[in-house]
Amino acid sequence: SLRRGLVPSFIASGATTQSSRSTTRLFSVRGGADEPFPTWSFRQPCKTVEISPVPTTSVTVSTSPASSVSSTATSLKIIAAYGNGEDDDADFVLPSQAEPLASTFESFREDFKNGTSAGSALPVVTLPDASRLTLVALGGDKDSKATKAAAKKLASSVAGFAKSHKATSISVSAPSEFLTPEALKAFTVTLYSEMYTDNRYRSGEDVKDPYEKLESVTFYDSDGGLGDVGGIEAAVSQATSLAAGSSLTKDLVNSPPNVLNPLSLASCARQIASESGGCMKAKVMDAKECEAMGMGAYLGVARGSETEPQFIHLTYTPPKGEAAKKLGIVGKGLTFDAGGYNIKTAMMELMKFDMGGSAAVLGAAKAVSLIKPENVEIHFIVASCENMINEKAMRPGDILTASNGKTIEVLNTDAEGRLTMADALVYVDKTVGADKIIELSTLTGACMVALGDGMAGLWATDDDLATGLEGASKESGDKIWRMPLEDSYREQLKSKIADMSNLGGKYGGAITAALFLTNFVDKKKPYAHVDIAGPVWSAKSGATGFGAKLITEFV
């Protein structure tokens with residue numbers, strides 16, 4: 001948790017602290033205990049961003065029989081059980097180890113008809129040894145898809161019990177057919193997501209961590225058929241890496257714009273590389289270097305801000321063997337979007353999340369650096385800047401020249417993300433030479449109108465690439481829906497005096513934005529655009545972490 005006297009930093013080497021939740025945070029000390037948290041000074045923007053600690057609560061599967069749960073010194077015991085088939089009228093059979101719950105169960109029997117409501121739970125009862133016991137239903141279906149869904153609901157129940165009962169350790173007795181690598185991976189990712197807590201900008205009594213005491217969750221096999229223990233352990237390890245990436249993404253999107261700017265975002269990228277064990281290298285180009293490469297579209301947007309633009313390039317190289325393929329991942333990095341001279345008239349306080357694409361890309365980079373996939377070289381690209389207003393800012397009517405020589409008439413300064421991405425896409429296509437390119441951006445309100453805030457739009461020039469992303473979507477839970485790249489809509493992007501304009505007509509805005517971006521990637525190269533404007537943010541809980549798991553699963 002944030003304390004007075006901490007410099008906001010990603011993870012600055014030097015000191016180590018251990019919280020009561022068994023989480024690790026490294027930080028540097030900037031002065032006395034009474035010194036306020038420094039977000040920026042009058043003359044200098046903030047150059048670092050602090051990242052929340054990832055829970056180190058362990059998730060394990062014990063090879064001991066479930067009968068040993070009764071003698072296990074855990075503060076909360078959970079019995080997880082399936083229903084009895086597809087008959088909604090079938091009675092839920094209470095497992096033998098749940099006998100202490102028999103009288104309580106009778107009062108809630110209707111909630112457990114067939115166990116169809118996965119995640120339904122009995123009130124916790126206190127046992128003679130002062131430990132506590134409850135029952136959670138896993139539903140009636142046992143196929144892979146239903147079991148993964150049940151695992152996520154079980155994780156939410158476990159997090160809820162840990163919060164309300166301040167549990168230090170939890171044991172879960174579950175049938176062996178539930179204890180699969182896929183289910184335990186889904187459980188672990190969801191548990192860590194539920195436990196995410198952002199205290200970085202709170203102080204005193206406002207610093208709260210409801211999961212601070214939870215040290216372990218241990219699964220036991222209730223029917224003696226436990227199989228692939230090694231596979232489960234590997235899946236849980238991968239889930240922990242996915243959760244670390246997702247947590248980083250949430251932190252970046254949640255960060256206020258006076259803390260998170262192009263400089264501090266670049267610092268975060270450098271730190272990912274420094275912690276990667278050598279598999280990740282960071283390169284950051286400033287405005288002068290970008291100008292030498294002809295990035296006029298990107299720099300046109302950046303001119304309006306006092307904070308220097310930072311072009312971030314992280315390269316992942318597999319530690320063993322040569323890579324057979326080269327993948328480019330691009331994320332929109334507008335750390336704040338005021339709209340420029342076409343100033344926004346609504347939701348400006350939320351425009352800190354306009355860097356959600358870059359947050360997803362860096363979160364994926366963090367997860368990849370931990371998982372270390374083989375046989376693939378990955379380039380993570382972010383053209384970071386702000387879209388502000390000053391005497392140098394681009395104006396409606398300006399013509400910008402991108403690094404591939406294409407000229408763009410700026411009809412609206414609030415259609416700026418595609419301008420920054422134009423040069424980023426040319427870079428990953430021509431300079432990096434990626435075989436396939438995936439780009440994520442909070443690009444259009446039109447996509448939100450079409451798909452709501454629960455899923456992202458996918459536009460792809462290649463069916464195989466689209467299919468791969470759709471598979472990663474199902475695996476990760478980050479929902480996407482493929483949309484059309486209707487070529488006839490390109491007419492809307494025509495300019496009277498330049499190669500193209502940066503804005504289409506009144507309708508189909510998400511499609512014309514995607515079509516605009518295709519002008520900056522080789523037509524023969526597989527390219528996918530993912531518009532995450534909707535699912536990047538929740539009105540209820542803030543940053544969702546959307547995109548990091550999607551990209552990591554694709555890799």
| field | Spacing of Glu349 atom CD and Phe336 atom CZ [to the nearest 0.5 Å] | value | 8.5 Å
| field | Among Asn387, Thr442, Thr335, the one residue meeting side chain to side chain donor-acceptor pair (under 3.5 Å) with Asp354 | value | Thr442
| note | So OG of Ser193 and NZ of Lys152: to nearest 0.5 Å the spacing works out to 10.0 Å
| field | Exam field: side chain Asp531 to backbone Thr444, donor-acceptor pair closer than 3.5 Å | value | yes
| message | Tell me if a side-chain donor or acceptor on Thr74 pairs with a main-chain N or O of Ile170 at a distance below 3.5 Å. | response | no
| query | Is Ser264 reaching over with its side chain to a backbone N or O of Lys47, donor-acceptor style, under 3.5 angstrom? | reply | no
| said: Just so I know, are the side chains of Met347 and Phe353 near enough to count as touching, which here means a heavy-atom distance under 4.5 Å? | reply: yes
| field | Nearest heavy-atom neighbours spanning Ile480 and Met455 | value | N-CB, 4.4 Å
| request: May I ask you to test the Leu334-Met355 pair for a side-chain heavy-atom distance under 4.5 Å? | output: no
| task | Indicate the atoms forming the closest heavy-atom contact of Thr552 with Ala364, along with that distance. | result | OG1-CA, 3.6 Å
| request: Could you tell me whether the side chain of Asp251 and the main chain of Ile51 form a donor-acceptor pair under 3.5 Å? | output: no
| query | Going by the salt bridge (Lys or Arg N to Asp or Glu O under 4.0 Å) test, which pairs reach into residues 180-189, not counting sequence neighbours? | reply | Lys185-Glu475, Lys185-Glu553
| message | Looking at every heavy atom in both Ala528 and Leu458, which two are closest together, and how far apart are they? | response | CB-CD1, 4.0 Å
| Do Asp223 side-chain atoms and Pro175 backbone N/O form a donor-acceptor pair below 3.5 Å? | no
| Between the side chain of Ser75 and the main-chain N/O of Thr168, is any donor-acceptor distance below 3.5 Å? | yes
| Distance from Ser441 atom OG to His529 atom NE2, nearest 0.5 Å? | 4.5 Å
| query | Is there a side-chain contact between Ser52 and Thr197 (heavy atoms, below 4.5 Å)? | reply | no
| query | When you check the side-chain N and O atoms of Gln238 and Ser241, is any donor under 3.5 Å from an acceptor? | reply | no
| task | Apply the test side chain to side chain contact (heavy atoms under 4.5 Å, CB included) to residues Tyr316 and Leu314: give CA-CA distance (whole Å), side-chain angles for both, the deciding distance (0.1 Å), then the verdict. | result | CA-CA 7 Å; Tyr316 167 79; Leu314 281 172; over 6 Å; no
| query | Judged by atom type as modelled, is there a donor-acceptor pair below 3.5 Å linking the side chain of Tyr192 to the main-chain atoms of Thr57? | reply | yes
| Step by step, would you call Ile272 with Leu248 a side chain to side chain contact (heavy atoms under 4.5 Å, CB included)? | CA-CA 10 Å; Ile272 291 172; Leu248 171 60; 3.8 Å; yes
| message | Give me the atom names and distance for the closest heavy-atom approach of Lys153 to Gly119. | response | CB-CA, 4.2 Å
| field | Validation row: Leu252, Cys268 side chains within 4.5 angstrom (heavy atoms) | value | yes
| With a 4.5 Å heavy-atom cut-off, do Leu179 and Leu184 have their side chains touching? | yes
| said: For a quick test of reading the model, state the closest non-hydrogen atom pair linking Ala167 to Leu76 and the distance between them. | reply: CB-CB, 4.3 Å
| message | So which atom in Leu263 and which in Asn261 form the shortest heavy-atom distance, rounded to 0.1 Å? | response | N-OD1, 2.8 Å
| query | Pick from Val330, Leu469, Val555: which one makes a side chain to side chain contact (heavy atoms under 4.5 Å, CB included) with Ile438? | reply | Leu469
| message | Treating Asp453 as the side-chain partner and Met448 as the backbone partner, does any N or O pair qualify as donor plus acceptor under 3.5 Å? | response | no
| query | Could you give the distance from CD1 (Ile551) to CD1 (Ile329), rounded to the nearest 0.5 Å? | reply | 4.5 Å
| query | Does Lys163 come within less than 4.0 Å of Glu194, counting only side-chain N to carboxylate O? | reply | no
| message | Quiz question: by atom type and distance under 3.5 Å, do the side chains of Lys366 and Thr249 form a donor-acceptor pair? | response | no
| With under 30° as parallel and over 60° as perpendicular, where do the rings of Tyr82 and Phe178 fit, or are they tilted in between? | perpendicular
| Can you list every salt bridge (Lys or Arg N to Asp or Glu O under 4.0 Å) pair that touches residues 231-247, not counting sequence neighbours? | none
| task | Answer yes or no: is there a side-chain heavy-atom contact under 4.5 Å between Ser255 and Lys352? | result | no
| said: A side-chain contact here means heavy atoms from C-beta on lying under 4.5 Å apart; do Val49 and Leu265 qualify? | reply: no
| field | Exam field: side chain Ser247 to backbone Ala243, donor-acceptor pair closer than 3.5 Å | value | no
| In Å, rounded to the nearest 0.5 Å, how long is the span from CG of Leu440 to NZ of Lys332? | 12.0 Å
| query | CZ/Arg270 to CE/Met280 distance, rounded to the nearest 0.5 angstrom? | reply | 15.0 Å
| said: Using modelled atom types and a 3.5 Å cut-off, is there a donor and acceptor pairing between side-chain atoms of Asp143 and backbone atoms of Lys145? | reply: yes
| How far apart are the C-alpha atoms of Leu133 and Ile79, what are their side-chain angles, what is the distance that settles it, and do they pass the side chain to side chain contact (heavy atoms under 4.5 Å, CB included) test? | CA-CA 8 Å; Leu133 179 68; Ile79 297 168; 3.9 Å; yes
| message | Could you tell me if the side chain of Ile78 sits less than 4.5 Å from the side chain of Phe219, heavy atoms only? | response | no
| request: Please assess Ser58 against Glu215 for the test side chain to side chain contact (heavy atoms under 4.5 Å, CB included), listing each intermediate value before the final yes or no. | output: CA-CA 6 Å; Ser58 65; Glu215 297 177 357; over 6 Å; no
| task | State whether the number of non-hydrogen atoms from other residues, nucleotides or ligands found under 6.0 Å of Lys344 atom NZ is greater than 12. | result | yes
